[in-house]
Amino acid sequence: MRTCRGLPVGGTSRAAAHLSSSRSPVMMAASLSHKTRAMRLSQYPIQTTKETPAEAEIVSHQLMLRAGLIRRLSSGLYSWLPMGLRTLRKAEAIIREEMNRAGALELLMPVVQPAELWQESGRWKEYGPELLRLKDRHQRDFVAGPTHEEVITDIARRELKSYRQLPVNFYQVQTKFRDEIRPRFGVMRAREFIMKDAYSFHADAASLEQGYRLMHEAYTRIFTRMGLQFRAVKADSGPIGGDVSQEFHVLAASGEDAIVFSDADEYAANMEAAAALPPREPRPAPRESLARIATPGAKTIEALAGLLKIEPSRCLKTLLVEGEGENEVVALLVRGDHELNATKAQRLPGVASPFRMADAERIQRATGAQVGYIGPLGLKCRIYADHAALAVADFVCGANEKDMHLTGVNWDRDVQGYVAADIRNVVEGDPSPSGKGALKLARGIEVGHIFQLGRKYSEKMHAAVLDESGQEVTVHMGCYGIGVTRVVAAAIEQNHDERGILWPEPLAPFKVVLVALGQQKSAEVRERAERLYAELTGAGIEVLFDDRDARPGVKFADAELLGIPHRLVVAERGLAAGRLEYRHRRDSESVEFPVDEALAFLKDRLGR
RNA sequence: CGGGGCAUGGCGCAGUCUGGUAGCGCAUCUGCUUUGGGAGCAGAGGGUCGGGAGUUCGAAUCUCCCUGCCCCGACCA
């Protein structure tokens, strides 16, 4: 008996058998809880709220708090209450099934990792304050893992010796910690979160590509099964050339990321990676002559265009960024109505990495002017001009003197020594880089990212196997992440109405909510509801039984807030006519059907 | 990191300017009534007013320090 807490299997099942003879609903619920198939709301201690907590900004965060799925412990740290955890587990289960189906092997790595591994990979220095560093009692350095490339590569170099063991894909579902500058939106951008991360190892690049494609397919199945509208988009490949990377975005207006896609084919990319094609039409011939004009106070394109009564697209913005050398700057020119794309700019020769705008002092030194009046004429630094900017004739730009601009400026005639480059964000309507159709913009929530890492970590950490000829070859790696906690929030962001959550059925904490109305008064309602609860539960259906002594309005409102897909109502009114009432969460009308057909009726509707 | 704001019962807030010993709604508990869309009445419990120091006869309120949280910004020319 003294070990009863350590006997989860034998202990509980015997207890359950004993308890099942009891009539106590508490004990019933307890005996069922380890199967998590059913739950009585009268035994569920968490409450929903009518009022929206002040801290929540976006819909998913508000609804998750109101429905009692999560509670905030501290900035960026959340507890998952039972109802929320059920959904989280649903998401995990789907991910596990599809990862396993794709041949990946689950393992589990520590959250806390020794600093040595991170020093070895170089990321101890590269990673900024986002990396939470810890010391143990011996003053040894550790990190709270924001990701697990180092640990998995360490495992790989110890366990993998032969090409015959490849390819292999290890994955885990594990808590990560990233000390975000600004956690927000609840679990959408939390500091601690759950991620499924997978890492594949290959003998050569061709095998890596194949493994990558396999993961692409698995991710597509995962998000499809979750009932989400999503898109895989090309992502920025970063400073490591040749590597391939794609992000999976759940489409939602509140998404933090801009994604673009062609309206005519499969092309899709995030804003950083979307290429802007050079305009087809050649630049018109110069018609105006160069002139200096006074433009007092016109420090912005908007003000300048307004003052001169011209389109912003006739003005060119000159942006100064820090160069690689000491005190060097680089000038970047984009059309007045376009935005600079920092990711693209950072890749240009001569531009400092990480990318930084030049400060006022450097600008003064390089141009003799201040922000708002900078132009390319007479600059003694590298000049990059965006393709679209190069297509403008007779443009307006800063004169490198306060309150002065130049008009009638023309490339080659007035400005030389520039290099053409793609350095702007695409805009809606730009031609697709795929050559087909025009680009459209949308907002997305990044829930997955797949990446062909190549040999970045395996080289530094010496993960190698022997090939057929006995030669040592450095392994190729891929890595593949899914933000599990974020997926749950994203699902709500995409599926809700003014009354609450509209769970896609595969993620719903329960499939069916059984609402008993007036059971305190009516023995018939009470008995019928109990029988239905037992019948549906026995048939393996996940049922949330609202057996509370509450008014109908309260029960309906909670059922809708919680977003349970199927609602069954047992009430005196219907029973008198031998009928039950059914409504799907997405329907606006209820339908009635004979009492005895409940199971068949529901089975027909489940999973539709 | 810079700027702004907030901190009063579980949640949402008022009270702070003008100092006098804490209040409203929701939630919770009890009783009665009510029961198809977040009930009504009557009663009850619950707050070191974020923490510390100070000013004062007296501080939620004024002053200073600290802490926590929220929002905005960090691609602007």
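Below, read A as the first sequence line, B as the second, and so on, with proteins coming before strands; counting in each chain starts at 1.
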Name the closest nucleotide to the A:E51 side chain, picking from B:C11, B:C75, B:U28. B:C11
Looking at [N], which nucleotide sits across from it as a Watson-Crick or G-U wobble partner, both distances under 3.5 angstrom, or is there none?
{"N": "B:C64", "answer": "B:G52"}
{"N": "B:U16", "answer": "none"}
{"N": "B:G73", "answer": "B:C1"}
{"N": "B:U30", "answer": "B:A42"}
{"N": "B:G9", "answer": "none"}

Tell me: [atom1] of [X] to [atom2] of [N], nearest whole Å?
{"X": "A:E272", "N": "B:C75", "atom1": "CD", "atom2": "P", "answer": "13 Å"}
{"X": "A:R356", "N": "B:C1", "atom1": "CZ", "atom2": "C1'", "answer": "14 Å"}
{"X": "A:R72", "N": "B:G10", "atom1": "CZ", "atom2": "P", "answer": "15 Å"}
{"X": "A:Q62", "N": "B:C70", "atom1": "CD", "atom2": "P", "answer": "15 Å"}
{"X": "A:F185", "N": "B:C69", "atom1": "CZ", "atom2": "P", "answer": "17 Å"}
{"X": "A:L77", "N": "B:G68", "atom1": "CG", "atom2": "P", "answer": "13 Å"}
{"X": "A:E130", "N": "B:C1", "atom1": "CD", "atom2": "C1'", "answer": "15 Å"}
{"X": "A:E180", "N": "B:C1", "atom1": "CD", "atom2": "P", "answer": "16 Å"}

Identify all side-chain donor-acceptor contacts of residues 299-312 of chain A below 3.5 Å with residues at least two apart in sequence or on another chain.
unit_1: A:T300; atom_1: OG1; unit_2: A:A303; atom_2: N; d: 3.0

What residues in residues 389-427 of chain A put a non-hydrogen atom under 4.0 Å from any atom of RNA chain B? none
With sequence neighbours excluded, what pairs up with [X] under the side-chain contact (heavy atoms from CB on, under 4.5 Å) test?
{"X": "A:H496", "value": "A:V59, A:L63"}
{"X": "A:D549", "value": "A:Q520"}
{"X": "A:D596", "value": "A:R528"}

A:Q370 versus A:Q364, closest heavy-atom pair with distance: N-OE1, 4.5 Å
Spacing of the [atom1] atoms in [M] and [N] (rounded, Å):
{"N": "B:U16", "M": "B:A60", "atom1": "P", "answer": "14 Å"}
{"N": "B:G52", "M": "B:G31", "atom1": "C1'", "answer": "46 Å"}
{"N": "B:G9", "M": "B:G47", "atom1": "P", "answer": "11 Å"}
{"N": "B:G50", "M": "B:G68", "atom1": "P", "answer": "16 Å"}
{"N": "B:A53", "M": "B:C41", "atom1": "P", "answer": "45 Å"}
{"N": "B:G2", "M": "B:C65", "atom1": "P", "answer": "16 Å"}
{"N": "B:G19", "M": "B:A59", "atom1": "P", "answer": "14 Å"}
{"N": "B:A7", "M": "B:C11", "atom1": "C1'", "answer": "15 Å"}

Set out, in order, the CA-CA distance, both residues' side-chain angles and the distance that settles salt bridge (charged side-chain N to carboxylate O under 4.0 Å, His left out) for A:R362 and A:E328, then state yes or no. CA-CA 8 Å; A:R362 282 198 199 200; A:E328 263 180 25; over 6 Å; no
At 4.0 Å (heavy atoms only), tell me whether A:E339 reaches a base, stays on the sugar-phosphate, or touches nothing. nothing
Remember a base hit wins even if backbone is also touched, and classify A:A54 as base, sugar-phosphate or nothing at under 4.0 Å, heavy atoms. sugar-phosphate
A:E493-A:S60 side chain donor-acceptor pair, cut-off 3.5 Å: yes
Closer to the 5' end of RNA chain B via nearest nucleotide, is it A:P53 or A:T318? A:P53
By nearest-nucleotide position on RNA chain B, the 5'-leaning member of A:L340 and A:P183 is A:P183
Determine, stepwise, if the pair A:D497 / A:R585 fulfils salt bridge (charged side-chain N to carboxylate O under 4.0 Å, His left out). CA-CA 10 Å; A:D497 63 13; A:R585 178 67 178 82; 2.9 Å; yes
Where at least one partner belongs to residues 39-73 of chain A, residue pairs that pass ring-ring contact (aromatic ring centres under 6.0 Å, His included), sequence neighbours excluded: A:H61-A:Y78
Quick one: what's the B/S/- string for nucleotides 31-44 of chain B, heavy-atom cutoff under 4.0 Å, read 5' to 3'? ---BSBBBB-----
Residues 335-346 of chain A vs salt bridge (charged side-chain N to carboxylate O under 4.0 Å, His left out), sequence neighbours excluded, gives A:R335-A:D337, A:K344-A:D422
Quick note, salt bridge (charged side-chain N to carboxylate O under 4.0 Å, His left out) partners involving residues 557-573 of chain A, not counting sequence neighbours, are A:R499-A:E560, A:R548-A:D558, A:E560-A:R567
Please state whether the phosphate of B:G12, meaning OP1 or OP2, lies under 4.0 angstrom from any side-chain nitrogen or oxygen of A:T52. no
